[in-house]
Protein chains: 2
Amino acid sequence: MKKDHIIFLIGRIQYKANRFLSQEMKAHGIKGLAPSHGEILGYLMARGPLPMSGIGRIIAKDKSTITALVNKLIRIGYVEKKSDPADSRISLIALTRKGMALKPSFLLIAQKLRAHSYKGVSDDERETLVNLLNKINANL
Amino acid sequence: MKKDHIIFLIGRIQYKANRFLSQEMKAHGIKGLAPSHGEILGYLMARGPLPMSGIGRIIAKDKSTITALVNKLIRIGYVEKKSDPADSRISLIALTRKGMALKPSFLLIAQKLRAHSYKGVSDDERETLVNLLNKINANL
DNA sequence: TGTTAATAGTTTGACATCAAACTCTATTGC
DNA sequence: GCAATAGAGTTTGATGTCAAACTATTAACA
C-alpha cells in the first residue's frame, strides 16, 4: 500500500467515480452517455458555448476524441454546432434546449458525488487537496 | 477554475501522466504498451505473481479488461499464466525473464514521474495528499 | 450430499480514446 | 501581397475499456 504512486491511486478513484456517474445518469433517465459526455455538458452549462479546442483544453482529451464525443451529443440533440463569425475555423458548441433541460439533474448528481467522496473530509482539507492537485496538474 | 470538481481535475492529471508514461516507455525501447500494461508489470515486480482477480482489484479495471491486458502481455512475452494448484479457477500471472528485465527501466520511469509531478511539493504535503486521496478512494 | 450460491475468468459487442495524417483557414514575416 | 507556419477540426485505424452473458470451479448449507 505504501509505495503506491499517486497516479495509480488517482486511477482507482476515477474508475469508481465513473461508475458512480454512469449509474446516476442512468437513474436520472439520461441514457447512453459516458461520464465524458456529462463533463462536456457540465462545462457548457457553467460557461456557455465553447469551441472544440476549448472543450479539449478543459477536459484534457485528444481533439479527435472531442470530435467523437461532441458528434454523439449532437446526434442525441443535447448540443449544436455553430460557426464562429470571426474565425471560420472555429466551431462553437452550444447547449440546445434539450441539453439545458438536463441542468437540474446534473447539479444533483454533482452534489451527490461530492457528498460521497468528501465524507469525513473537512473544508480545509478539501481546499488543501485541490491546491495540491492543481500544483501537480501544473507540473505535468 | 474554482468550482471544478476534484474528479475532473484528477482526469486531467491522469491524461498528462499517461502521455508521460507512454512517451517514457517508448524512450526506453518498451514498445506497444499502454500505461495500464506498465501498471500491471509494475505491481508484478513489486509483489510477485498475482491472480487475475488480484490484478483487477489493484488497478481498478473491469475483469474483462484485465483479461485483454494480460493476454497482450503474454503475447509479447512479458508474463506467463500458471494455474493455481489449490484452486483450478485461478490463474496466477507471473513475470517471465523478459518481463523481469524491464524492472530497471520501470524504476527509472516511476522515479522520473514522481520527480516531475511532485516538483515544489514538500514531503509533508505529499503525505497529506496521499492520505486524503486514500480517504476519498475508500469513500467511493 | 446434492442443490444453490458465490467466485474466477473468458467471450462478445459496443464504444471511448488516442495518434497520425489530412483539410481548411488564419496569421506571420519578408 | 505571398509564401510559410501555426491553429482548428475531421478522418481513419488501432486499441483500451466496459457491461452483460457465459463457462467452469469452489464454497455454503440444509
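- Residues A:L9 and B:V130 share a closest heavy-atom pair of CD2-O, 4.0 Å.
- Nearest heavy atoms, B:I109 versus B:F20: O-CE2, 4.3 Å.
- Atom P of nucleotide C:dC18 and atom NZ of B:K16 are separated by 13 Å, given to the nearest angstrom.
- Between B:R12 and A:R57, the shortest heavy-atom contact is CD-O, 4.3 Å.
- Axis angle across the helix from C:dT1-D:dA30 to C:dC30-D:dG1, with five pairs used at each end and values rounded to 10°: 30°.
- Across A:L33 and A:M25, no two heavy atoms sit closer than the pair O-CE, 3.4 Å.
- Remark: nothing in residues 22-32 of chain B comes within less than 4.0 Å of DNA chain D through any heavy atom.
- More than 12 heavy atoms of other residues, nucleotides or ligands lie within 6.0 Å of NZ in B:K98, so this atom counts as buried by the packing criterion.
- First and last contacts of DNA chain D with chain B, using any nucleotide atom under 4.0 Å from a protein heavy atom and ordered 5' to 3', fall at D:dG16 to D:dT26.
- Counting only distance, with no hydrogens or angles, the side chain of B:K72 and the backbone of B:G32 share a donor-acceptor pair below 3.5 Å.
- B:S64 and B:D62 share a donor-acceptor pair across their side chains, judged by distance under 3.5 Å alone.
- Closest of all the heavy-atom pairs between A:V121 and A:R126 is CG1-N, 3.9 Å.
- When side chains are defined from C-beta on, B:L44 counts as touching B:I40, because their heavy atoms get closer than 4.5 Å.
- Taking CG from A:N134 and CG from A:L129, the interatomic distance works out to 9.5 Å, rounded to the nearest 0.5 Å.
- Relative to the side chain of A:A34, the nucleotides C:dG9, C:dC18, C:dA16 differ in distance, and C:dA16 lies closest.
- Through chains of ILVMFWY side-chain contacts below 4.5 Å, B:L92 is grouped with B:I90.
- When all heavy atoms are compared, the tightest approach of A:M45 to A:G99 is CE-O, 3.7 Å.
- Counting only residues at least two apart or in different chains, side chain to side chain donor-acceptor pair (under 3.5 Å) contacts with residues 76-87 of chain A comprise A:D87-A:R89.
- Non-hydrogen atoms lying under 4.0 Å from DNA chain D are contributed by A:K63, A:S64, A:T67, all within residues 62-75 of chain A.
- Each of B:A60 and B:D87 was assigned the nucleotide of DNA chain D with the nearest heavy atom; the assignment lying further toward the 5' end belongs to B:A60.
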